[in-house]
Amino acid sequence: MGEFSIDGAHGSDAKLSRLTVPERYFDPALQELRGTPAYNVGAAYAQIRRDLTQGGSEVPDFAHAARHHRLLDRIERAAEHA
């Protein structure tokens, strides 16, 4: 894995161009890892640390996983009966 690029259009301009990710979405403490698979792992651990130390809930928890799993089950069942 690494960095991905996304092309898209904006407003009335239908021409596709590279969409850039705002810098605020990147963790400055992990700058040296940016563009590597290790960056994603480091970012996940940094989010967990922030949640634990600051009392947040940015990282998906078990309840989120259970809701997601139930949604996937409903999609599968609906596809079977389509």
Apart from F26 itself, its cluster of hydrophobic side chains linked below 4.5 Å comprises V21, Y25, L30, L33, Y39

Sorted by chain and number, sequence neighbours left out, salt bridge (Lys or Arg N to Asp or Glu O under 4.0 Å) with D61 holds for none

By side-chain contact (heavy atoms from CB on, under 4.5 Å), A44 pairs with (sequence neighbours left out) none

Those residues at least two apart in sequence (or on a different chain) that pass side chain to side chain donor-acceptor pair (under 3.5 Å) with E23 are R34

When rounded to the nearest 0.5 Å, the distance separating CZ of R67 from CZ of F62 is 11.0 Å

By side chain to side chain donor-acceptor pair (under 3.5 Å), E58 pairs with (sequence neighbours left out) Q47

Students should find that the hydrophobic cluster of V41, defined by side-chain heavy atoms under 4.5 Å apart, otherwise consists of Y45

So salt bridge (Lys or Arg N to Asp or Glu O under 4.0 Å) across residues 24-33, not counting sequence neighbours, yields D27-R50

Apart from L52 itself, members of its ILVMFWY cluster (side-chain separation under 4.5 Å) are I48, V59

Applied to residues 40-49, the salt bridge (Lys or Arg N to Asp or Glu O under 4.0 Å) test, sequence neighbours excluded, yields none

Joining Ile, Leu, Val, Met, Phe, Trp and Tyr whenever any side-chain heavy atoms lie under 4.5 Å apart, the cluster holding L19 also takes in I6

Sequence neighbours excluded, the answer for side chain to side chain donor-acceptor pair (under 3.5 Å) partners of R74 is none

In short, side chain to side chain donor-acceptor pair (under 3.5 Å) pairs touching residues 9-21 with sequence neighbours left out are D7-R18

